[in-house]
Amino acid sequence: MGHGRIDLDGTAFDLQSTLESGQTYLWWRDDGEDYDSTYGGDDWYLTTTRATDDPGVIKVRQRNGALEYRSNVDAEPVLRRRLGLDDDLPAIRASVPNAEVIQDAYDEYWGMRIVREPAFGCVISFICSAQMRVSRIHGMQQSLREAFGTAIEFEGDSYHAYPTPEQLAVATEQQLRDLSLGYRAPYVQRTAEMVADGDDPTEATGLGYEAARELLTRYVGVGDKVADCVLLFSLGYLEAVPLDTWIRTAIEEYFPDCEQGNYTDTSRAIREQLGGEYAGYTQTYLFHYLRNDGPES
DNA sequence: CCCCAGGCACCTC
DNA sequence: GAGGTGCATGGG
């Protein structure tokens, strides 16, 4: 409770890369700046939690080799899980292939972790991600908070929790379209309704990887790619490799033999190519590196 | 004006 | 199962 400090003990950790690399849209920066602008270490990242009946607020920043946090809930275990603090990054890197582009990506953003975000918010935000830029996906989640989330006061400031399944299930398609969700509006509404009616996305946990992915695609607006994002960024399936436009371009350019003409077989091939067990880690380093440092930028 | 963005549902065959 | 099409919105 209250405020605290997690000593990183010299282990590699990069809060900005972890939270601004398009893995999660459930945090924001209290300087009001758009993501991708410089992070000096003085600004807090914020998120909300529903670990109890009342929503909580967590503020965290990285300074002087530690994570400082302030919260009205028991934040440390939540941060450890959500920020992947217990992942053995050197062991993970030891499992990846020696391709130059991969090593460059790890060098450039060393310390970035894979997040494990709350499943409902992860599902909804990646439904919103279809054919959409990172900054707008993030903006949509902020709009959903303000329109439908429970207001919270913390340390004299007012915030909105991410909406619950019940709160989004009663939204109308038109209300969601008015928030610029476009054709994703009915997907969000119908999936929220499914979850509110008891269809819990965390039920996939424990299944084999491909069975878990298949199970998640029962939600409206969730295909193979979004399901992989939920497995990787919420449910802890570090082998999941979401095949998005960026990674498909990378497959063409660097691993053309992995293109198999359909999602399942291409997924198996690239997963093997990227080291198997932790392939999703490498995918996320590649995604972040190519998007920020690729030939286009 | 164009093209594109962390795709998906739905329709054919 | 594979292949094509429509879909909202905003930024370059």
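Proteins get letters first, then strands, A, B, ... in listed order; numbering begins at 1 in each.
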Checklist entry - Given the P atoms of B:dA9 and C:dG10, what is the spacing between them in whole Å? => result 23 Å

Checklist outcome for this item: Rounding to 0.5 Å, atoms CZ (A:F233) and CG (A:L238) come to a distance of 10.0 Å

Checklist entry - Between A:Q174 and A:R177, is any side-chain donor less than 3.5 angstrom from a side-chain acceptor? => result no

Checklist entry - Roughly how far, to the nearest 0.5 Å, is the OG atom of A:S125 from the CG atom of A:L26? => result 4.5 Å

Checklist entry - Are A:T24 and A:E117 close enough that a side-chain donor and a side-chain acceptor fall under 3.5 Å? => result yes

Using the 3.5 Å cut-off, write out each protein N or O paired with an N or O of nucleotides 1-3 of chain C and the distance between them.
none

Checklist entry - Hey, can you pull the residues of residues 207-220 of chain A with a non-hydrogen atom under 4.0 angstrom from DNA chain B? => result A:Y219, A:V220

Item to check | Point-to-point distance, once rounded to the nearest 0.5 Å, from OG1 of A:T191 to CD of A:E193 | outcome: 9.5 Å

Checklist entry - Do A:T48 and A:H160 have side-chain heavy atoms sitting under 4.5 Å apart? => result no

Checklist entry - Strictly by modelled atom types, are A:Q103 and A:D107 linked by a side-chain donor-acceptor pair under 3.5 Å? => result no

Checklist entry - Roughly, in whole Å, what's the span from CD1 in A:I137 to C1' in B:dA5? => result 8 Å

Item to check | Nearest-Å distance once atom C1' is located in both C:dG3 and B:dA5 | outcome: 23 Å

Checklist entry - What nucleic acid atoms does A:G22 come within less than 4.0 Å of, heavy atoms only: base, sugar-phosphate, or nothing? => result base

Item to check | Check against ring-ring contact (aromatic ring centres under 6.0 Å, His included), A:Y219 and A:Y187 | outcome: CA-CA 8 Å; A:Y219 296 111; A:Y187 302 164; over 10 Å; no

Next on the checklist: Just to verify, which of A:Y25, A:W27, A:W28 counts as forming a side chain to side chain contact (heavy atoms under 4.5 Å, CB included) with A:L19?
Outcome noted: A:W27

Checklist outcome for this item: When rounded to whole Å, the NZ to C1' distance for the pair A:K225 and B:dA9 reads 16 Å

Item to check | Within one Ile-Leu-Val-Met-Phe-Trp-Tyr cluster: A:Y263 and A:L232, side-chain cutoff 4.5 Å | outcome: yes

Checklist entry - Mind checking the P distance from C:dG11 to B:dC8? Whole angstroms is fine. => result 24 Å

Checklist outcome for this item: Per-nt protein contacts along nucleotides 6-12 of chain C (heavy atom under 4.0 Å; B base, S backbone sugar-phosphate only, - none) come out as -BBBBB-

Checklist entry - In terms of the nearest nucleotide of DNA chain B, which residue is placed more toward the 5' end: A:R190 or A:C229? => result A:C229

Checklist entry - Mind checking whether A:Y289 and A:Y109 have parallel, tilted or perpendicular rings, split at 30° and 60°? => result perpendicular

